[in-house]
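Each ligand, and each atom within it, is numbered from 1 in the order the structure gives. For clarity, every value in this text was computed on a predicted model and none was experimentally measured. All values below were derived from every heavy atom in this structure, side-chain atoms included, with hydrogens, water molecules and symmetry-related copies excluded.
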Amino acid sequence: MIRFDAVTKRYPDGTEAVDRLSLEIPDRSITVLVGPSGCGKTTTLRMINRMIEPSSGTILLDGRDIQQQPVNALRRSMGYVIQNAGLFQHRTIVDNIATVPRLLGWDRQRSRTRAMELMERVGLDPSMAKRYPYQLSGGQQQRVGVARALAADPPVLLMDEPFSAVDPVVRKGLQEELLRIQAELGKTIVFVTHDIDEAIRIGDMIAVLRTGGRLAQFAPPDQLLAA
Ligand code: ADP
Ligand code: ADP
């Protein structure tokens, strides 16, 4: 479980991005952070893998303060997916996905086999393996991003508006794919979006943030109060 305990983030310029956030993110669930632009969603997400350090408060992963853990080990246990996939443009799709296994010291063949399995898992045709990112649609690139984040089989996936840049029909397909992956692999997923419909469609738990980084509600979708 990921637990936020009175976590505050104040940027050096004085912006209070997150204000005394306390939250328990259940294991093997999709927890969605939702709210208007600037309400502190990305800041909250990036504190989980220590890309951003809190100003005060603690974040616990399975009962251990993440501040006390080596950052490399922490990040290895967390896949990270961003809006425009962040793919390596000069590498093929299969090599993009195989990058992580290679970094973990797997040999070339095993890494490629793993990458091909992951392509299938996220619904990408094997014929795309040798293509480059620019030869794929936005939705396909996001699938590659998800496959790459899953490559080391981390228990946690952090996703920052992963489907926001694709059209509504493709987005729905990606959401369904994510639900299927979640059901099959049982990952703990923390998902940022500003789209309440998306939050309701995929979230087991929904954290509604308000401007100023305060938690307004934390509930399953069927118990959310109309704002
Ligand atoms: P969201 O993801 O909900 O759009 P962010 O977490 O990106 O919100 O930002 C929360 C607030 O903190 C916003 O007011 C934003 O402008 C501010 N902010 C984000 N990053 C920085 C930074 N590096 N320095 C100063 N202010 C920042
Ligand atoms: P998002 O699309 O997730 O809301 P933003 O476009 O708000 O992200 O921010 C992109 C990057 O700019 C982030 O790394 C964030 O930390 C930084 N940033 C956002 N707001 C500010 C700010 N007011 N001052 C400095 N950096 C900021």
Within 6.0 angstrom of Arg112 CZ, more than 12 heavy atoms from elsewhere: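 More than 12 heavy atoms, drawn from other residues, nucleotides or ligands, come within 6.0 Å of this atom.
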Please classify the Thr42 to ligand 1 contact at 4.0 Å (heavy-atom distances, strictly less than): side chain, backbone, both or neither.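 Both backbone and side chain.
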Mind checking whether Asp13 contacts ligand 1 via backbone (N, CA, C, O), side chain (CB onward), both or neither, at a 4.0 Å heavy-atom cut-off?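 Under 4.0 Å from ligand 1, Asp13 contributes side-chain atoms alone.
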Answer yes when Glu177 and Arg180 have at least one side-chain N-carboxylate O distance shorter than 4.0 Å, and no when they do not.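 Here Glu177 pairs with Arg180 in a salt bridge, since their nearest N and O are under 4.0 Å apart.
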For ligand 1, which atoms have a heavy atom of [X] less than 4.0 angstrom away?
X	value
Ala17	10 (C), 11 (C), 12 (O)
Lys41	1 (P), 2 (O), 3 (O), 4 (O), 6 (O), 8 (O)
Gly38	1 (P), 3 (O), 4 (O), 8 (O), 10 (C), 11 (C), 13 (C), 14 (O)
Thr15	12 (O), 14 (O), 17 (C), 26 (N)

Closest heavy-atom contact between Thr31 and Pro26?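 Thr31 and Pro26 have their closest heavy atoms at OG1-CD, 3.6 Å.
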Counting distance only, does the side-chain N/O of Asp19 pair as donor-acceptor with the main-chain N or O of Gly212 below 3.5 Å?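 No; zero donor-acceptor contacts below 3.5 Å.
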Among Lys9, Arg10, Arg214, the one residue meeting side chain to side chain donor-acceptor pair (under 3.5 Å) with Glu16: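 For Glu16, the side chain to side chain donor-acceptor pair (under 3.5 Å) test succeeds with only one of Lys9, Arg10, Arg214, which is Arg10.
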Hydrogens and angles aside, do Thr15 and Asp13 bring a side-chain donor and acceptor to less than 3.5 Å of each other?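 Yes, because at least one side-chain N or O of Thr15 sits under 3.5 Å from a partner of the opposite role on Asp13.
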Are any of the N/O atoms in Thr43 less than 3.5 Å from those in ligand 1?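 Thr43 vs ligand 1: N/O contact under 3.5 Å present.
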